[in-house]
Amino acid sequence: MSNRIQFDTTYADSFLTPEELARMEETILDANSTLIGRAAPGSEFTGWLDLPINYDREEFSRIKESAAKIRSDSDVLVVIGIGGSYLGAKAAIEALSPAFYNETNMQGGKNPAIYFAGNNISTRYLDGLIKAIGDKDFSVNVISKSGTTTEPAVAFRVFKELLEKKYGAEGAAERIYATTDRERGALKKLADANGYETFVVPDDIGGRYSVLTAVGLLPIAAAGLDIDALMEGAAAERSELMSLPFAENDALLYAAYRNVFYQKGKGVEILANYEPGLHYVSEWWKQLYGESEGKGGKGIFPASVDLTTDLHSMGQFIQDGSRILMETVICVDDPGVEMKVREEENDLDGLNYLAGKTIDYVNKQAMAGTAMAHVDGGVPNMMIHLPKMDEYSLGQLFYFFEYACGVSGYALGVNPFDQPGVESYKKNMFALLGKPGFEERREELLKRIQ
């Protein structure tokens, strides 16, 4: 079995012609040259391209030291951030940790439970999290380049106060880890004034590409996961994608196929998985592609399903609804656990024909049968084979999706590294909250809702 992720078009090739793929090849190669040439709009945010081989080793060592300290003195780590400041870490921890890891860890596990805050403004969520922590020892990793983003800033005020009440100002400072700008910003200023351990959000890497920086690595390491293997997997994938020709380059092929399908009216891409632990990989992927491609009236809308679960809710639409869909399936070749179906004396459920077969075998046949059904229903299925649910494989997958996203964005004719559209809602929110400097906008908005 290969230890490389593999892009498989078996269930997609019937939806395009060799001529269509050949025409797209030129566009994709031009976009690839634009990406690695770093002279186009957004190129100042392509530091992630070389990150797996060109990262700060000193900071990397401090990340592992801080993670070890958190594991030694904390039952809980609260990670405060939104968007790219939490989705990558959440994705990795959910994918690589045992199912129900938080519940296990809260009952005396060797690693801290990892909870996330600052990704919503829900009082009920914050109250529930505070109650879950109870009187347990906890630390906080607050992640924000500016320190002024509303959701994490509000949450940090809440948990900073809790830490200071429990441990005093000096004790709290030893349990706060700030991942922020290298030199400026509200959080950097606060961290310097109070002596928090700090890590850097790089200037040349945008939030949705930041999982392999301290933004993602500290929480991942605190969960007891191997960040060396994660980086090694990403470095191996980088080496392949930077050197292989189009016909053998999985990221370029993925970008090409999805763009051909987009031109043929497939405006929605569904990322599907058959492992619940990959749910937040899909959430991370949705931000990566949605924020990178959705501009200027263009872009493939990223959606996701967890299968076979969602076959019982979304299966009808995927099979028989509007034919605007393409599907990308993540297949985990080796789940790492083996369980078999047992034979029952009274075969009341009619499943004795499966006796002796592994549950993963059943899962794989469900996946193959579903892919064939969706193809018959007019939905092209691309497949990404993930060798294992381990750090090395996930490092490859993160880099694969990032690289393909950069190429695909340039192929669409957009800057895949900015996000101008998100500023509109922020300005409206600030105005309605009464933030100084937004008075005129506030008056306009209040007239609209009266």
Side-chain angles (χ1 to χ4, degrees), residues 42 44-45 47-48 77-91 114-127 129-130 139-163 176-194 196-219 280 283-284 286-288 290-292 294-295 417-438 441-442 445:
E44 67 272 24
F45 294 109
W48 57 271
L77 173 65
V78 179
V79 181
I80 298 175
I82 195 167
S85 294
Y86 94 99
L87 281 171
K90 179 75 168 172
I114 312 291
Y115 289 105
F116 293 84
N119 50 59
N120 58 61
I121 322 177
S122 166
T123 306
R124 288 179 58 84
Y125 183 93
L126 283 173
D127 180 65
L129 177 51
I130 291 167
S139 295
V140 167
N141 176 206
V142 55
I143 307 167
S144 175
K145 190 165 181 63
S146 66
T148 60
T149 303
T150 305
E151 295 91 338
V154 168
F156 183 50
R157 284 197 177 197
V158 171
F159 287 100
K160 178 173 174 288
E161 180 182 5
L162 289 175
L163 281 171
I176 296 174
Y177 303 83
T179 307
T180 187
D181 191 89
R182 185 183 300 275
E183 298 178 349
R184 56 188 178 273
L187 181 55
K188 174 61 175 173
K189 183 177 181 180
L190 183 67
D192 287 346
N194 290 277
Y196 304 158
E197 185 74 32
T198 59
F199 301 96
V200 175
V201 179
D203 288 335
D204 60 352
I205 299 176
R208 57 189 177 275
Y209 289 85
S210 67
V211 61
L212 298 178
T213 72
V215 170
L217 294 178
L218 178 57
Y280 271 93
E283 296 301 305
W284 169 83
K286 285 194 289 189
Q287 184 197 5
L288 180 66
E291 218 171 55
S292 297
K295 294 156 194 170
F417 305 112
D418 66 357
Q419 51 279 339
V422 302
E423 297 305 316
S424 182
Y425 89 84
K426 290 182 181 179
K427 291 175 181 177
N428 286 349
M429 181 175 68
F430 293 153
L432 291 171
L433 287 170
K435 185 174 182 177
F438 290 83
R441 192 182 189 96
R442 175 179 171 80
L445 293 177

Of all residues at least two apart in sequence or in a different chain, which pass the salt bridge (charged side-chain N to carboxylate O under 4.0 Å, His left out) check with Asp203?
->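 Partners of Asp203 by the salt bridge (charged side-chain N to carboxylate O under 4.0 Å, His left out) criterion, ordered by chain and then number, come out as Lys145.
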
Residue pair [X] / [Y]: nearest heavy atoms and the distance that separates them:
X	Y	answer
Asp418	Arg208	O-NH2, 3.1 Å
Lys295	Pro420	CE-CD, 4.4 Å
Ala117	Val78	CB-CG1, 4.0 Å
Ile205	Trp48	CG1-N, 3.5 Å
Ser85	Ile143	O-CD1, 3.3 Å

Spell out, as yes or no, whether a donor-acceptor pair under 3.5 Å connects the side chain of [X] to the backbone of [Y].
X	Y	answer
Arg182	Val200	no
Asn194	Leu190	yes
Gln287	Gly84	yes
Ser146	Thr148	yes

Between the side chains of Thr179 and Asn141, does any donor sit under 3.5 Å from an acceptor?
->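 Per modelled atom types, Thr179 and Asn141 side chains form a pair under 3.5 Å.
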
Using the six-membered ring wherever Trp is involved, compare the ring planes of Tyr196 and Phe156 and label them parallel, tilted or perpendicular (cut-offs 30° and 60°).
->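 Tyr196 and Phe156: perpendicular rings.
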
Parallel, tilted or perpendicular: rings of Tyr177 and Phe199 (30°, 60°) |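 If you compare the ring of Phe199 with that of Tyr177, the planes turn out parallel.
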
Can you check whether Lys427 reaches Phe438 side chain to side chain, under 4.5 Å on heavy atoms?
->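 They are in side-chain contact.
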
Student check: side-chain heavy atoms of Thr213 and Val211 closer than 4.5 Å |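 No; the side chains remain at least 4.5 Å from each other.
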
